[in-house]
Amino acid sequence: MGKENGLKVLVIGRGGREHALVWKISQSPKVKEVYCAPGNAGISEIATTVDITENNIDALIQFAKNNQIDITVVGSEAPLISGIVDAFKAAGLKAYGPTKDAAQIEGSKSFAKQLMKKYNIPTAAYEIFDLKEEAIEYVKSQKTPIVIKADGLAAGKGVIIPYTHDEAFQAIEHIMEEKALGEAGNQIVIEEYLEGKEISLMAFVDGETVVPMITAQDHKAAYDNDQGPNTGGMGAYAPVPFVTDRDLKQAVEKILVPTAKAMVAEGRSFTGILYAGLMLTAQGPKVIEFNARFGDPEAQVVLPLLKTDIIDIIIASFEQRLHEVPIIWSHQSALAVVLVSGGYPGKYQTGFEINGLSSFKKKDPRNLIFHAGTSYQKDKVFTASGRVLAVTAIGDDLQSCREQVYSNITKINFNGMYYRKDIGNKALNYL
Ligand code: AMP
Ligand code: GLY
């Protein structure tokens, strides 16, 4: 297919993950035009941004129809959990991602936990509570540290790990009584604390076919050495050198494949990106959480290493022939550090001008800047959210990526800019 009569693709979302998706999709020789709703400043440089928010499903359908969009790729979780894929299908349109029923694997931690229990998928032992008093009684009978999670979506901030019983009681009050996370806190999951190294393993899935991607590691805590509150993710790298072939084999055979099969057996066949947050424990990999889409910032380091045309993968998944597509990975590494607004994940200000981006304008396949929360005003780029930019480098090894990223960061600044200085240390200390 030539570019003139190529495909029109719409990506839904506005973060660094969507910038990486748009960037990757634009490289497909099958694609003529890429749109992104709502997008951000960086995305608007390589695609047509559309002023419709992720959750305005009716308006997105109307846009897709009016503009003859061939394929819509859903980047973020909220519209998936609301049923955007089902709504597009009902309107005769193709959207890549899990249906509403399948996206429950991310949308409800209690659903995911019950599924794992029923199908013997290794995860932390857990109990679910609707009542604060029962949750408190249960905690008294358990050892600490212990893990307390709000059931619904909380943008990566719904998990508290108390180290004492008193802290645990306070956390339960905070979520269930004060409703600090809103309705997500109506039900809580209390689970066993898993000890080990944490990795992200994502896979392309269509029904029972599972094709794992290369491994990545996120850095969720706000400050260096994994201190401070949890965020959406402060940086990532891929692949992860300390994951052994045995870990990977177990993760695929005992976790990813059985989960895809379980979803089919439950009548919730999953198509799209299945993300397993895994703890590599002494007893093998165990699931911390599932997501129903690419990780952010994992997508920013994994997609640049994918050699296969992602459009081929997506089209094959629509036709349930993912098993026919050879999926090939680069042997290089990638590392991304997220620059955030001072104060994130707590209160922060936006609207500050970002300086230094022009030095990255020239096309350089080794140095990428994926925008997360940015917007254009006239010709200038301003901060627009907590996570602002993911400064990313691709190179022959993690050490050189890391040096490149931290050197590139010195060229960028905005009021209150903050970032972790230790992204990649866990891998490099191991090597
Ligand atoms: P989640 O939103 O479920 O991914 O949890 C956020 C973070 O909390 C994870 O990335 C882990 O670092 C940590 N965490 C969650 N569950 C556990 C667990 N059972 N044991 C140890 N750490 C956990
Ligand atoms: N980086 C973790 C996530 O996307 O949920």
Side-chain angles (χ1 to χ4, degrees), residues 13 15-18 20-21 75-78 80-81 103 105-113 116 122-127 142-163 168 171 175 181 184-185 188-202 213 215-222 225-238 240 273-283 285-303 336-338 340 345 370 372 386-387 390 420 423 426:
R17 165 183 52 210
E18 286 76 20
L21 271 167
S76 47
E77 57 274 24
L80 291 169
I81 292 163
I105 199 160
E106 169 165 11
S108 165
K109 288 195 189 285
S110 55
F111 167 76
K113 279 300 207 180
M116 287 187 269
T123 188
Y126 74 101
E127 293 289 337
Q142 300 295 307
K143 51 181 200 308
T144 53
I146 193 159
V147 181
I148 299 184
K149 302 186 178 184
D151 182 52
L153 274 193
K157 294 159 210 157
V159 176
I160 304 179
I161 305 184
Y163 281 78
I175 299 177
L181 303 166
I188 59 170
V189 178
I190 301 187
E191 65 181 48
E192 167 200 8
Y193 177 77
L194 297 176
E195 192 109 32
K197 295 196 179 92
E198 194 174 342
I199 63 157
S200 306
L201 179 60
M202 302 181 284
M213 303 187 203
T215 53
Q217 187 173 54
D218 186 14
H219 296 68
K220 287 198 172 132
N225 301 314
D226 295 333
Q227 301 298 303
N230 262 347
T231 68
M234 298 292 292
Y237 61 85
V240 184
I273 309 301
L274 180 63
Y275 165 127
L278 301 177
M279 194 70 88
L280 305 179
T281 74
Q283 298 85 42
K286 293 190 181 180
V287 177
I288 297 169
E289 64 163 349
F290 283 119
N291 292 322
R293 37 81 192 169
F294 276 105
D296 185 341
E298 288 93 331
Q300 290 90 310
V301 292
V302 167
L303 286 171
V337 174
V338 180
V340 305
F370 293 117
R387 293 197 288 178
R420 276 181 63 162
I423 304 302
K426 275 178 269 187

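Numbering of ligands and ligand atoms starts at 1, following listing order.
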- Message: Any nitrogen or oxygen of Leu194, side chain or backbone, less than 3.5 Å from one on ligand 1?
- Response: yes
- Is there at least one pair of N or O atoms, one from Glu298 and one from ligand 2, spaced under 3.5 Å apart? yes
- Message: Tell me whether ligand 2 is touched by Gly233 - counting only heavy atoms on the residue side and a distance under 4.0 Å.
- Response: no
- Message: Contact between ligand 2 and Ser200 is defined here as a heavy atom of the residue under 4.0 Å from a ligand atom; is it met?
- Response: no
- Per-atom contacts, ligand 1 versus Glu198 - under 4.0 Å to a heavy atom: 9 (C), 10 (O), 11 (C), 12 (O)
- Any idea which part of Lys109 is under 4.0 Å from ligand 1, heavy-atom wise: side chain, backbone, both or neither? side chain
- Would you check whether Lys220 has a nitrogen or oxygen atom less than 3.5 angstrom from a nitrogen or oxygen atom of ligand 2? no
- Message: Using side-chain heavy atoms (C-beta onward) and a distance below 4.5 Å, is Lys426 in contact with Asp226?
- Response: yes
- Message: Is there a polar contact, in the sense of an N or O pair closer than 3.5 Å, between Tyr193 and ligand 1?
- Response: no
- Task: Start with the C-alpha distance between Leu278 and Val287, add both sets of side-chain angles, then the distance that settles side-chain contact (heavy atoms from CB on, under 4.5 Å), and finish with yes or no.
- Result: CA-CA 5 Å; Leu278 301 177; Val287 177; 4.1 Å; yes
- Task: Calculate, to the nearest 0.5 Å, the distance between atoms CD and CD1 belonging to Glu127 and Ile190 respectively.
- Result: 9.0 Å
- If we number the atoms of ligand 1 from 1 as shown, the ones under 4.0 Å from a heavy atom of Val147 are 16 (N), 17 (C), 18 (C), 19 (N), 20 (N)
- Query: Does any N/O atom on Arg17 come nearer than 3.5 Å to any N/O atom on ligand 2?
  - Reply: no
- Query: Should Arg293 be listed as contacting ligand 2, given a heavy-atom distance under 4.0 Å as the test?
  - Reply: yes
- Who's closest to atom 16 (N) of ligand 1 heavy-atom-wise, of Lys286, Glu192, Lys149? Lys149
- Report yes if the side chains of Glu191 and Val159 come closer than 4.5 Å at any heavy-atom pair, otherwise no. no
- Task: Side-chain contact test, heavy atoms from C-beta onward, threshold under 4.5 Å: evaluate it for Tyr163 versus Thr144 and give yes or no.
- Result: no
- Message: Does only the side chain of Asn230 get under 4.0 Å from ligand 1, or the backbone, or both, or neither? Count heavy atoms.
- Response: side chain
- Note on the structure: Taking only non-hydrogen atoms of Asp218 and a 4.0 Å limit, the atoms of ligand 2 in range are 1 (N), 2 (C)
